[in-house]
There are 2 protein chains.
Amino acid sequence: MADDTTWTASAATDPQLACPISPVVDIVFSRWTTPILWTLHTHGRQRFVELERGIPRITPKVLTQRLRQLERDGLIMRTYHPEVPPRVEYEISELGRSLAPLFAHLAEWAAGNLDEVERARHDYDTAPGR
Amino acid sequence: MADDTTWTASAATDPQLACPISPVVDIVFSRWTTPILWTLHTHGRQRFVELERGIPRITPKVLTQRLRQLERDGLIMRTYHPEVPPRVEYEISELGRSLAPLFAHLAEWAAGNLDEVERARHDYDTAPGR
DNA sequence: TGTAGTAGGTACCTACAGGAAAGTGGCTCT
DNA sequence: AGAGCCACTTTCCTGTAGGTACCTACTACA
């Protein structure tokens with residue numbers, strides 16, 4: 001903590017919230033949101049069933065919930081076409097697109113450090129006295 | 001999606017997991033982990049009670065769980081001093097420290113875009129036909 | 001004697017997230 | 001006539017994360 005060049009220590013003494021990035025985490029990294037944002041970004045505009053098929057094991061109920069939440073937060077846009085059968089298209093918004101470099105860094109960290117996490121886990125699990 | 005310069009589209013077609021950053025999210029952004037890592041980074045080595053006092057509303061049980069998990073993943077280090085009363089110190093590891101620029105970007109995004117999320121929410125909530 | 005302090009562990013309980021399955025509406029195809 | 005399509009919605013149910021409260025061992029100190 002001697003040299004705090006990378007982390008902003010602004011809200012470090014916040015009485016209520018000890019971590020200034022907690023609100024972002026709640027918005028961006030709640031469950032199922034990253035797969036949705038990811039597929040929406042890489043595959044572009046998509047319909048409900050396409051998302052459902054593209055994200056394995058997600059149920060339509062939860063998918064609807066997450067999509068509504070993401071729409072409310074302004075990260076994605078929903079366009080409803082009153083046809084028969086109905087057609088709804090989801091696409092990432094400008095605000096959602098602004099997360100792209102962040103996700104890229106995350107993917108980069110994952111590529112470089114996930115195996116070390118795996119190794120740490122193995123060491124911990126096979127440590128003596130456990 | 002036309003120009004994929006920032007996001008790596010490597011695992012975009014992964015059959016099992018539609019999102020290559022999901023594993024990282026599970027490790028780094030599970031509940032309470034960011035406040036713990038944040039305070040550990042900004043305040044340096046800390047004892048259990050210090051963490052407990054520094055992170056409002058966390059219960060000792062959950063704090064223990066999260067600390068164990070973070071230790072197992074290699075993000076923090078635990079040193080036990082067999083004194084009376086017992087003394088345990090937690091500090092961030094090299095691997096955990098490597099998350100610093102990531103967290104900095106997150107804080108930066110928060111500073112620049114959180115109000116826009118707030119605005120989107122207000123617009124959504126006060127929209128007609130709702 | 002008894003109280004404080006530390007770092008948790010344990011038992012019990014509740015709330016809520018999330019899963020499974022079926023329903024809805026209106027058109028179109030067979 | 002019936003089935004199928006889409007985008008959900010609703011109901012019911014379960015699992016589990018997390019909260020509360022109490023417990024441990026040991027010593028120093030009043």
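Chain letters run A, B, ... following the sequence lines, proteins first and then strands; every chain starts at 1.
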**Student:** Between atom CZ in A:Phe48 and atom P in D:dC6, what is the gap in whole Å?
**Tutor:** 12 Å
**Student:** Which residue in the set B:Val28, B:Leu70, B:Leu67, B:Asp26 passes side chain to side chain contact (heavy atoms under 4.5 Å, CB included) when paired with B:Thr33?
**Tutor:** B:Leu70
**Student:** Atom OH of A:Tyr90 to atom C1' of D:dA7: distance rounded to whole Å?
**Tutor:** 7 Å
**Student:** Separation of A:Gln46 atom CD from D:dC8 atom C1', in whole Å?
**Tutor:** 17 Å
**Student:** Rounding to an integer number of Å, can you tell me how far A:Glu52 CD sits from D:dC8 P?
**Tutor:** 10 Å
**Student:** With a 4.0 Å limit, can you tell me whether B:Arg47 has a side-chain N or O closer than that to the phosphate oxygens OP1/OP2 of C:dT6?
**Tutor:** no
**Student:** Return the value, rounded to whole Å, for the distance between atom CG of A:Leu67 and atom P of C:dG18.
**Tutor:** 14 Å
**Student:** Work out which heavy atom in B:Trp38 is nearest to a heavy atom in A:Cys19; give both atom names and the distance.
**Tutor:** CB-SG, 4.0 Å
**Student:** Looking at side-chain heavy atoms only, is the closest gap between B:Asp73 and A:Arg121 below 4.5 Å?
**Tutor:** yes
**Student:** What's the separation between atom OH in A:Tyr90 and atom CD1 in A:Ile36, rounded to the nearest 0.5 Å?
**Tutor:** 9.5 Å
**Student:** So among B:Arg53, B:Arg87, B:Glu52, which one has a side chain to side chain contact (heavy atoms under 4.5 Å, CB included) with B:Arg47?
**Tutor:** B:Arg87
**Student:** Flag the pair B:Ile27 / B:Leu75 as yes when at least one side-chain heavy-atom distance between them is below 4.5 Å, and no otherwise.
**Tutor:** yes
**Student:** Which whole-number value in Å describes the distance from A:Glu89 CD to D:dC8 P?
**Tutor:** 12 Å
**Student:** Take the C1' atoms of the five end pairs on each side of the helix from C:dT1-D:dA30 to C:dT30-D:dA1, derive the two axes, and give their angle rounded to 10 degrees.
**Tutor:** 30°
**Student:** State yes or no: do A:Trp32 and A:Val49 share one hydrophobic cluster built from I, L, V, M, F, W and Y residues joined by side-chain heavy-atom distances below 4.5 Å, directly or via other members?
**Tutor:** no
**Student:** Are the side chain of B:Glu116 and the backbone N or O of B:Asn113 linked by a donor-acceptor pair below 3.5 Å?
**Tutor:** no
**Student:** Run the side chain to side chain donor-acceptor pair (under 3.5 Å) test on B:Ser30 and B:Gln69 for me, step by step, so that the C-alpha distance in whole Å, both residues' side-chain angles and the decisive distance to 0.1 Å come before the verdict.
**Tutor:** CA-CA 10 Å; B:Ser30 58; B:Gln69 177 189 323; 3.2 Å; yes
**Student:** Just the rounded figure in Å: distance from P of C:dT6 to CD of B:Glu50.
**Tutor:** 9 Å
**Student:** With the criterion being N/O to N/O and under 3.5 Å, what pairs connect the protein with nucleotides 18-21 of chain D, and how long is each?
**Tutor:**
unit_1 : atom_1 : unit_2  : atom_2 : d
D:dG18 : OP2    : B:Arg66 : NH2    : 2.8
D:dG18 : N7     : B:Lys61 : NZ     : 3.4
D:dG19 : OP2    : B:Thr59 : OG1    : 3.3
D:dG19 : N7     : B:Lys61 : NZ     : 3.4
D:dG19 : O6     : B:Lys61 : NZ     : 2.4

**Student:** I'd like to know whether B:Gln65 forms a side chain to side chain donor-acceptor pair (under 3.5 Å) with B:Arg68, so could you lay out the CA-CA distance, the side-chain angles of the two residues, the decisive distance to 0.1 Å, and finally the verdict.
**Tutor:** CA-CA 5 Å; B:Gln65 286 176 348; B:Arg68 288 286 180 283; over 6 Å; no
**Student:** Do B:Phe48 and B:Thr64 make a side-chain contact, defined as non-hydrogen atoms from C-beta onward lying under 4.5 Å apart?
**Tutor:** yes
**Student:** At a heavy-atom distance below 4.0 Å, what parts of residues 75-87 of chain B sit against DNA chain C?
**Tutor:** B:Arg78, B:Pro85, B:Pro86, B:Arg87
